[in-house]
There are 2 protein chains.
Amino acid sequence: MLVNINTHRRPVDGHLAALAGERVLCSEHRYRRGTEIFGEDEDAEYVYQITAGAVRTHKLLADGRRQINAFHLPGDMFGFENGSSHRFTAEAIIETSVRIMRRGSIIEATESRTGGTRSLLRLVTQNLQHAEDHMLLLGRKTALERVATFLVEMDARLGQPQLMALPMSRRDIADYLGLTLETVSRALSTLRDQNLLRFEGTTQRRIELLRRKELAQL
Amino acid sequence: MLVNINTHRRPVDGHLAALAGERVLCSEHRYRRGTEIFGEDEDAEYVYQITAGAVRTHKLLADGRRQINAFHLPGDMFGFENGSSHRFTAEAIIETSVRIMRRGSIIEATESRTGGTRSLLRLVTQNLQHAEDHMLLLGRKTALERVATFLVEMDARLGQPQLMALPMSRRDIADYLGLTLETVSRALSTLRDQNLLRFEGTTQRRIELLRRKELAQL
DNA sequence: CGAACCCTTGACTTGAATCAACATAGGTGG
DNA sequence: CCACCTATGTTGATTCAAGTCAAGGGTTCG
């Protein structure tokens with residue numbers, strides 16, 4: 001099975017047709033919040049680059065326990081860190097636009113441009129590095145340390161904005177950090193009480209980091 | 001700094017000289033149990049293949065908490081999953097022999113042989129896959145599930161021998177699984193009491209798996 | 001032979017999970 | 001625009017899985 005056309009989560013037919021042609025190497029597509037972009041064990045036919053929005057990738061255990069491997073933000077590419085078939089599920093966290101490319105054409109492109117798959121190798125190596133750091137977090141850090149690490153990571157990836165607008169819910173953060181959503185909420189409250197951060201306005205997803213250094217050295 | 005000659009953990013001068021020459025592309029070296037092969041943040045000058053023994057790679061937090069990323073067994077290569085500098089420390093678990101190659105020559109070799117860095121890419125991708133599976137374990141599995149998963153993994157990698165001789169201590173297993181050594185010991189005792197495994201003889205590192213299927217479906 | 005590990009087991013503690021209640025936001029349709 | 005509903009987030013009370021502390025036996029190795 002190459003493509004499962006009768007599900008809403010696949011690129012629409014028009015995009016497939018375009019991608020199948022010779023001229024068009026990539027195509028834009030939009031996903032509503034909460035929709036699946038690809039599933040675990042599906043063929044890795046396409047590679048994705050986010051132009052707007054945010055994506056989470058996760059694995060599930062049989063009884064529903066979820067581990068989020070990574071969050072992807074605008075500019076990030078994802079979907080090829082895999083082998084030929086996806087090893088996890090990707091979902092749009094919020095309304096998200098992605099540029100979709102055929103996997104094969106990407107590999108050929110990077111190969112001819114750099115005289116090898118080196119840039120691809122670099123991307124996979126970056127993913128590996130992130131995974132290694134995350135294993136240390138999951139295996140050995142306390143709840144407060146995990147949440148602080150998460151905030152510092154997001155802050156850096158968003159370019160240290162004055163105000164950080166997190167796209168993901170407390171549950172997503174929890175499943176990324178190997179915690180429960182209550183524990184994440186409590187840790188954030190603790191950090192707020194220690195004046196390390198501030199919630200902006202009424203929605204709790206807008207956070208201002210007040211003392212980045214102290215947060216980082218947890 | 002390319003090579004820190006005055007530490008015992010580096011290849012001896014003879015090997016360095018040989019590696020520097022044109023003819024010899026690789027060299028054999030032996031490490032006593034517990035000795036460091038390379039350290040975190042060192043230059044990744046060499047790539048290693050184990051011919052006998054076992055190696056662990058780990059990261060440390062400032063206060064000494066340790067997370068073991070992976071165990072390496074005979075036949076395994078390690079040391080280039082990194083970028084140009086090592087992102088963790090590698091140590092011999094037991095008396096270990098490794099084949100040492102210059103990193104550069106490996107990359108060239110794989111490139112010329114396969115018309116690209118594809119085989120290298122495959123190796124890094126395998127590492128990434130392992131890391132992703134391990135994140136699920138560390139983030140979401142119970143102690144018993146972690147130990148069972150560990151046993152099944154080792155069993156498979158050792159070729160499902162009738163009797164499995166683990167090279168690593170309970171502490172190593174604990175630091176790999178994000179547990180304490182006591183919890184690992186208790187989990188093993190529980191599995192023994194459930195007749196899922198058996199300790200062979202007096203040393204507790206020889207284990208016979210009695211019902212692999214039931215162990216695997218935890 | 002002694003010393004340093006290694007492993008197991010028991011008793012107790014604790015950090016995070018679970019269970020529960022409540023507040024608020026945001027989306028939908030009347 | 002409002003009323004409703006669901007999803008989201010916080011906080012408190014309680015439980016529990018794993019950690020910590022402690023003791024004792026066994027093995028290995030210099």
Side-chain angles (χ1 to χ4, degrees), chain A residues 32-35 56 61 63-67 91-95 137-148 150 165-193 197-207 218, chain B residues 32-35 56 61 63-67 91 93-95 137-148 150-151 165-193 197-207 218:
Chain A
R32 285 188 303 279
R33 67 192 292 272
T35 57
R56 61 178 176 245
L61 288 174
D63 61 359
R65 279 174 287 174
R66 181 176 72 154
Q67 178 63 41
E91 293 167 341
I93 297 175
I94 50 177
E95 173 96 14
L137 178 147
L138 292 172
R140 289 295 177 223
K141 289 189 183 176
T142 67
L144 203 64
E145 289 170 337
R146 294 181 200 206
V147 172
F150 166 76
L166 296 176
M168 71 289 287
S169 69
R170 298 291 189 259
R171 174 172 295 279
D172 285 340
I173 299 172
D175 285 347
Y176 179 61
L177 299 178
L179 300 170
T180 60
L181 65 92
E182 292 96 330
T183 299
V184 170
S185 181
R186 278 186 244 272
L188 287 170
S189 297
T190 300
L191 293 172
R192 177 203 56 201
D193 295 346
L197 60 82
R198 195 174 65 75
F199 292 120
E200 166 70 26
T202 170
T203 167
Q204 316 296 91
R205 294 196 191 178
R206 291 174 176 277
I207 294 176
L218 274 181
Chain B
R32 285 189 303 279
R33 67 192 293 272
T35 56
R56 61 177 176 246
L61 288 174
D63 61 0
R65 281 173 287 175
R66 182 176 69 153
Q67 178 63 41
E91 293 167 341
I93 297 174
I94 51 176
E95 173 96 14
L137 178 147
L138 293 171
R140 288 297 177 222
K141 289 190 182 177
T142 66
L144 203 63
E145 289 170 338
R146 293 181 201 206
V147 172
F150 167 75
L151 290 171
L166 295 176
M168 71 289 285
S169 70
R170 298 291 189 259
R171 174 172 294 280
D172 285 340
I173 298 172
D175 285 347
Y176 178 60
L177 299 178
L179 301 170
T180 60
L181 66 92
E182 293 95 330
T183 299
V184 170
S185 181
R186 278 186 244 270
L188 287 170
S189 298
T190 300
L191 293 172
R192 177 202 56 201
D193 295 346
L197 59 83
R198 195 173 65 76
F199 292 121
E200 166 71 24
T202 169
T203 167
Q204 316 296 90
R205 293 195 192 179
R206 291 175 175 277
I207 294 176
L218 274 180

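Just so it is clear, the values below take in all heavy atoms, side chains as well, and ignore hydrogens, waters and symmetry mates. A, B, ... follow the sequence lines: proteins, then strands. Residue 1 opens every chain.
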Please tell me which of the listed nucleotides, [options], lies nearest to the side chain of [X]?
X: A:L179; options: C:dT9, C:dA16, D:dG12; result: C:dA16
X: B:F199; options: C:dT8, D:dG9, C:dA25; result: C:dT8
X: A:A143; options: C:dA16, C:dT9, C:dC7; result: C:dA16
X: B:R186; options: C:dG26, D:dT11, C:dA11; result: C:dA11
X: B:T183; options: C:dT9, D:dA18, D:dT10; result: D:dA18
X: B:E182; options: D:dC21, C:dT8, C:dA16; result: D:dC21

- [ ] Mind checking the CZ-CZ spacing from B:R170 to B:R205? Nearest 0.5 Å is all I need.
- [x] 7.5 Å
Open item on the list: Please classify the nucleic acid contact of A:T180 as base, sugar-phosphate, or nothing, using heavy-atom distances under 4.0 Å.
Closed with: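 Here A:T180 touches the bases of the nucleic acid.
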Open item on the list: Under 4.0 Å, heavy atoms only, any strand: does A:R146 hit a base, just the sugar-phosphate, or nothing?
Closed with: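 No contact.
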- [ ] Taking side chain to side chain donor-acceptor pair (under 3.5 Å) as the test, write out the residues that go with A:R66, two or more places apart.
- [x]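 A:D172, A:D175.
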TODO: Could you check B:L188 against A:R33 and say which one's nearest nucleotide on DNA chain C is further toward the 5' end?
DONE: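 The answer here is B:L188.
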Open item on the list: Between A:T142 and B:R170, which residue's closest nucleotide on DNA chain C lies nearer the 5′ terminus?
Closed with: B:R170
TODO: Grab the CZ-P distance between B:R171 and D:dT20 for me, whole Å please.
DONE: 10 Å
